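On a predicted model such as this, the values are computed, not experimentally measured, just so you know. The figures that follow rest on heavy atoms only: side chains count, while hydrogens, waters and symmetry mates do not.
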Amino acid sequence: MKFCRLNLSKTFYEEYPEVARLTWASSIEPFNQIYKDYCRYKQFSSVMPLFLSQFQDNANDIHVYYHNEQVVAWSLCRRYDEYNVESLQFAWNYETPELELGRRSLEHECAYYKARGYKYLYLGESANYKALFDGYEILGPI
């Protein structure tokens, strides 16, 4: 298994205009419904459940994406220190595919964290679509 990250100094994306960043949520809804829609659309055979504590952890940011004033997607990112952040989970209801939120959300998060001095956005396991982003790097052995 190979892990990857984006070197934010090599990215030149813009923040998405219809997004809010939360650091705490009182309820797991509507996140859970969007996650269910996302998993169903992707036809995942098995998924990790969501826990409210993930949305209440002070080290996590919740990026909430809107379209026509409705929440349509979200992502959960973990800040490890002042230079490193990891994209933990993304979910989108896919009701408006032309929004291309899978791509645009990651571009937004690159721009958002880069503007705040972060150096790397970790993406977990490498995948072909991740290699299409500016600053893509495979992590080597320690």
Only residue of Phe31, Trp92, Tyr16 satisfying ring-ring contact (aromatic ring centres under 6.0 Å, His included) with Tyr65 is Tyr16
| said: Quick one about Tyr122 and Asn84 (side-chain donor to acceptor, distance below 3.5 Å, no hydrogens or angles considered), yes or no? | reply: yes
- Message: Taking Glu98's backbone N and O only, do any of them form a donor-acceptor pair with Thr96's side chain (distance below 3.5 Å, no angle check)?
- Response: no
**Request:** On the 0 to 90° scale, with breaks at 30° and 60°, tag the Trp74-Tyr35 ring pair as parallel, tilted or perpendicular.
**Result:** tilted
_Hydrophobic clustering (ILVMFWY, side-chain heavy atoms < 4.5 Å, transitive) - are Phe90 and Tyr41 grouped together?_
yes
Original post:
Do Tyr118 and Tyr80 share a hydrophobic cluster (ILVMFWY, side-chain heavy atoms under 4.5 Å, transitive)?
Top reply: no
For the side chain of Asn68 and the backbone of Gln70, is there at least one donor-acceptor N/O pair under 3.5 Å apart?
-> no
Practice task
Give a yes or no on whether Val64 and Leu88 share a hydrophobic cluster (residues Ile, Leu, Val, Met, Phe, Trp, Tyr; joining criterion: side-chain heavy atoms under 4.5 Å apart).
Solution key: yes
Residue set satisfying side-chain contact (heavy atoms from CB on, under 4.5 Å) with Asn128, at least two apart, ordered chain then number -> none
If we only count heavy atoms from C-beta on, is the Phe55 to Ser27 side-chain gap below 4.5 Å?
-> no
Next item on the list: Give a yes or no on whether the backbone of Ala25 and the side-chain of Gln56 come within a donor-acceptor separation of less than 3.5 Å.
Entry: yes
Between the NZ atom in Lys2 and the CD atom in Glu125, the distance rounded to the nearest 0.5 Å is 11.0 Å
> Is it the case that Lys114 places NZ or CZ above or below the six-membered ring of Phe12, under 6.0 angstrom from the centre and within 45 degrees of the axis?
Replying inline: yes
Q) Judged by atom type as modelled, is there a donor-acceptor pair below 3.5 Å linking the side chain of Tyr13 to the main-chain atoms of Asp134? A) yes
Applying side-chain contact (heavy atoms from CB on, under 4.5 Å) to Gln54 and not counting sequence neighbours gives Leu50, Phe51, Leu76
So NZ of Lys36 and CG of Asn93: to nearest 0.5 Å the spacing works out to 14.5 Å
query = Has Arg5 got its NZ or CZ under 6.0 Å from the middle of the six-membered ring of Tyr120, at an angle within 45 degrees of the ring axis?
reply = yes
> Are side-chain N/O atoms of Tyr112 and Asp61 paired as donor and acceptor at under 3.5 Å?
Replying inline: no
Lys130 side-chain N/O to Leu123 backbone N/O, donor-acceptor pair under 3.5 Å
yes
Which of Gln89, Glu109, His63, His108 passes side chain to side chain donor-acceptor pair (under 3.5 Å) with Ser75? It is Glu109
key: Same apolar cluster: Val19 and Tyr38, side chain cutoff 4.5 Å   = yes
To the nearest 0.5 Å, atom CZ of Arg79 lies from atom CZ of Arg116 at 11.0 Å
